[in-house]
Amino acid sequence: MTSNIELLTRSLSAVWHPCTQMKRHETLPLVPIARGKGVWLYDFEGKRYLDTVSSWWVNLFGHSEPRINAAITDQLGKLEHVMLAGFTHEPVVQLSERLRELAPAGLGHCFYGSDGASATEIALKMSAHYWRNSGRPHKTEFISLQNSYHGETLGALSVTDVALFRDAYGTLIRQNATVRSPDWRIAEEGESPESFALRCAADLDQHLQQHHAHVAALIVEPLIQGAAGMAMYHPAYLKRARELCTRYNVHLIADEIAVGMGRTGTLLACEQANIRPDFLLLSKGITGGYLPLSVVMTTDDIYQAFYADETARGFLHSHSYTGNPLACRAALATLDIFVQDDVLTANRAKAAFLNRIAQPLRDHLAVRNFRNTGMVWAFEVESSHTDFAQRCFSLGLRHDLLLRPMGDTVYFMPPYVITEEEMQLMVSRTLSVINELT
Ligand SMILES: *Cc1c(COP(=O)(O)O)cnc(C)c1O
């Protein structure tokens, strides 16, 4: 039987782990996971960890969800995969139809990728190619918000504003413009999130006024900039951004890879601003956190600009596993659970409960900017430790929690199946961790 120590030793020898300085693992052990159930992950000795970050924001209904398991198992007996160029299959058709019904009206065409970053690539390419096909080939630039994150392939990095990446890979990336982020943590004293959002939108207006002739699209993470440290902002920004993009003939790309699928309280974050983007990106939670899949939804206007006799006017992009049937079935089972369990309603009650029991966290002397949108909570912790995130992670494990702070920002983004008892445990153990670190 595999043991914890054996597995982590073999992993360090053969596996290059993502987003990791491997040398750190000389002192910080990897966490071997043998199995998962609900919000819990278990190692080989039965020690458990509450997955407060939904395994990098992908899991929705817990680990090993019986209905998703059953859907994938059923599909395995029928068709594991077929190429999507020249061929089609039932799960991808059903999923595309279901998504079209759920998304803002008019996003009727689904293009599939394998992960979030490729969805970003697809949207950027499709936008610029649309302008080229429409006789405006000079519209090739993109705009993103300060501290944006849209993935880590080279194209996606060109609209990602993270200093660490920019320093390491800047020479490989075409620089695009960033505009002010409406993150309310940086509003003036006494300024409401809404008026701050509108002030930031004025910055976007100014930029578009000057540069719109060369701009293909604005890409945003609606309502929450995840990798920026769960930076939350008022939907008024999205409403204004939509108006401005329409006025200046620029596409609006809504990257809902992290915030879609109910995370912000509505199925899609865009609903809260009552807008329809030109491109809507989904990934992460779309398969309930089971299998890699992403989708770019777009309008008939954009689809029609590619519809012609010439190959070169068609959209030139493919991935081997585009529209994989197993992943599509996992996504369909995930959408079914939203209906069967009335998930959005249940989540509202859970969020209210967590906000009530989190009062001691909110009142903690070292805690700043306690904030919540839907099923995401975040706050900054004032601590004298420069390696706060690392210490908090390690200490969290000792308290049975998978906490993964970003800098001094601690956040909860738990699977939706978390119970009241599990929320109590998550909050009280986090308080203990913070008390030990401050
Ligand atoms: C995670 C994420 C991506 C990238 O998705 P990957 O599957 O990791 O490539 C893009 N945009 C946002 C907003 C994300 O949170």
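FYI, the numbering just counts along the sequence from 1. The figures here come from the full heavy-atom set of this structure, side chains too, leaving out hydrogens, waters and symmetry mates. In listed order, ligands and their atoms are each counted from 1.
A donor and an acceptor atom, one from each side chain of W57 and Y411, are located under 3.5 Å apart. Looking only at atom types and distance, the side chain of H150 has no donor-acceptor partner in the side chain of S158 under 3.5 Å away. For the residue pair Y130/D301, the side-chain donor-acceptor check at 3.5 Å is satisfied. In this model, a donor atom of one side chain and an acceptor atom of the other lie less than 3.5 Å apart for Q340 and R67.
Nearest to atom 13 (C) of ligand 1 among the protein's heavy atoms is D255 OD2, 3.3 Å. Among all protein heavy atoms, the one lying closest to atom 9 (O) of ligand 1 is A117 N, 2.8 Å. Summary of contacts: the protein heavy atom closest to atom 6 (P) of ligand 1 is G116 N, 3.5 Å.
Heavy-atom contacts of G151 reach the following atoms of ligand 1: 4 (C), 10 (C) (cutoff under 4.0 Å). Residue contact check: A258 has heavy atoms under 4.0 Å from atoms 15 (O) of ligand 1.
In terms of polar-atom proximity, K284 is counted as a contact of ligand 1, with an N or O under 3.5 Å from an N or O of the ligand. At under 3.5 Å, not a single nitrogen or oxygen of E221, backbone or side chain, sits near a nitrogen or oxygen of ligand 1.
Figure legend: K350 and Y416 shown without cation-pi pairing, the cationic atom not lying both under 6.0 angstrom from the six-membered ring centre and within 45 degrees of its axis.
Ring-plane geometry between F338 and F61 is classed as perpendicular, the angle between the planes exceeding 60 degrees on a 0 to 90 degree scale with a lower cut at 30.
Ring-centre distance between W131 and H138: not below the 6.0 Å cut-off.
Taking all heavy atoms of H150, E256, E152 into account, the minimum distance to atom 10 (C) of ligand 1 is reached by H150.
Residue contacts with ligand 1 include W57, since one or more of its heavy atoms lies under 4.0 Å from the ligand.
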